[in-house]
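The block underneath contains the structure these notes are about, expressed in structure tokens.
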Number of protein chains: 2
Amino acid sequence: MDEIDLKILAALQQAPDLSQRELAERVSLSQNACWRRLRKLEESGVIVGRSLRLDRSALGLDLIVFAMLRTRSHSADWLEKFRRHVATIPEVIDFYRISGDYDYMLKIAARDMASYDRVYQRLIEKVELDNVTSYFAMEAIFDNRPLPLR
Amino acid sequence: MDEIDLKILAALQQAPDLSQRELAERVSLSQNACWRRLRKLEESGVIVGRSLRLDRSALGLDLIVFAMLRTRSHSADWLEKFRRHVATIPEVIDFYRISGDYDYMLKIAARDMASYDRVYQRLIEKVELDNVTSYFAMEAIFDNRPLPLR
DNA sequence: AGTGAAAGATTATGTCG
DNA sequence: CGACATAATCTTTCACT
């Protein structure tokens with residue numbers, strides 16, 4: 001990964017729908033050379049893929065909640081069971097294990113409070129949780145910005 | 001937005017690189033009809049765009065931190081200044097205003113602890129913050145899953 | 001690794017039910 | 001609004017430096 005690769009990534013982060021021709025132009029390379037670099041970035045896994053950005057509001061997902069969880073049990077078995085359980089809840093869109101006075105951070109997209117409460121009930125039904133703190137998003141100032149390269 | 005539109009969105013969330021032909025096939029529509037629906041979804045803003053998914057580790061961004069901030073001042077002026085300040089820090093990839101005992105939730109991608117500390121210093125240098133709690137991600141179990149449609 | 005050009009696919013448009 | 005055919009564009013491969 002050299003300078004040019006970083007330029008390619010930066011350009012595509014900023015404008016993912018660039019055509020090969022436009023991209024090549026921006027990084028001052030022939031279309032073909034640029035295409036081969038892009039292919040390598042994909043094959044090597046630096047580019048994991050693409051994703052669709054949807055307007056949550058337009059889909060009625062107006063409630064974003066950050067739930068911090070403290071767990072009681074920590075056996076390997078329990079953790080595995082917990083993960084599989086969380087994975088079955090589609091409203092959970094991010095799921096991080098963290099350090100500090102909580103063990104997990106979940107980002108949840110729900111239609112409304114009633115819908116969130118159902119997610120919450122599902123979260124606690126199967127597993128023994130010590131503490132759940134929910135932070136409700138009042139406003140997404142920004143979300144999923146380009147990663148800082150270099 | 002009818003059933004078919006939802007099918008289109010679901011298919012594209014799951015496989016954003018589908019060609020028009022493949023997509024049309026999956027939703028049982030002619031290529032052209034599917035294309036026009038897709039166009040409408042883009043024009044109406046339901047589809048905001050696409051984004052590149054990069055492997056953070058491959059880029060050396062091994063440290064993900066969730067920083068919860070409690071602010072001291074809350075005047076409109078102050079808030080505006082605070083937002084503009086945060087926007088200048090590229091490591092901050094998510095920025096939410098939340099309810100509860102913190103006011104803001106930031107997701108930060110940094111190379112390492114020293115790099116995070118510089119972000120932290122920049123965060124607190126310009127604005128009067130009451131409290132900053134940093135949760136360090138130990139593991140991303142999942143991130144940016146498809147939104148639950150319907 | 002890079003370039004230019006041509007073959008192969010895909011996307012966007014026009015026309016008609 | 002949907003289907004089918006065609007023009008325009010973009011992607012991928014080839015031959016060569």
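Every chain is numbered from 1, with letters handed out A, B, ... down the list of sequences.
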Open item on the list: Over 60° means perpendicular and under 30° means parallel, so tell me whether B:Phe136 and B:Tyr116 are parallel, tilted or perpendicular.
Closed with: perpendicular
Open item on the list: Test your reading of the model: is there a side-chain donor-acceptor pair from A:Arg56 to the backbone of A:Ala109, 3.5 Å cut-off?
Closed with: no
Open item on the list: Just the rounded figure in Å: distance from P of D:dA8 to CD of B:Gln20.
Closed with: 19 Å
Open item on the list: I'd like to know whether CD of A:Glu25 has more than 12 heavy-atom contacts from other residues, nucleotides or ligands below 6.0 angstrom.
Closed with: no
Open item on the list: What is the separation between atom CD on A:Glu25 and atom P on D:dC10, rounded to the nearest whole Å?
Closed with: 11 Å
Open item on the list: Side chains of A:Asp2 and A:Arg37, heavy atoms from C-beta outward: is any pair under 4.5 Å?
Closed with: yes
Task: Side-chain touch B:Met105/B:Leu69, heavy atoms, less than 4.5 angstrom - done: no
TODO: Round to the nearest Å and state the distance from B:Trp35 atom CH2 to D:dG2 atom P.
DONE: 14 Å
Task: A:Arg97 NZ/CZ over A:Tyr104 ring centroid, <6.0 Å and within 45° of normal - done: no
- [ ] Mind grabbing the angle between the end helix axes of the helix from C:dA1-D:dT17 to C:dG17-D:dC1? Five pairs an end, 10° rounding.
- [x] 20°
- [ ] Between D:dT11, D:dT13, D:dA3, spot the one nearest the side chain of A:Gln31, thanks.
- [x] D:dT11
Open item on the list: Looking at A:Asp62 and A:Arg111, is any side-chain nitrogen of the basic one under 4.0 Å from a carboxylate oxygen of the acidic one?
Closed with: no
Task: Whole angstrom value for the distance that separates P of D:dC4 from CZ of B:Arg21 - done: 15 Å
Open item on the list: Taking any atom closer than 4.0 angstrom to a non-hydrogen atom of chain B, what span of DNA chain C does the protein reach, first nucleotide to last?
Closed with: C:dT10 to C:dG14
Open item on the list: So that I can tick it off, tell me whether B:Asp112 and B:Arg118 are bridged by a salt bridge, with the cut-off set at under 4.0 angstrom between side-chain N and carboxylate O.
Closed with: no
Open item on the list: If the cut-off is 4.0 Å, is B:Arg36 near the phosphate of D:dA3, judged by side-chain N/O to OP1 or OP2?
Closed with: no
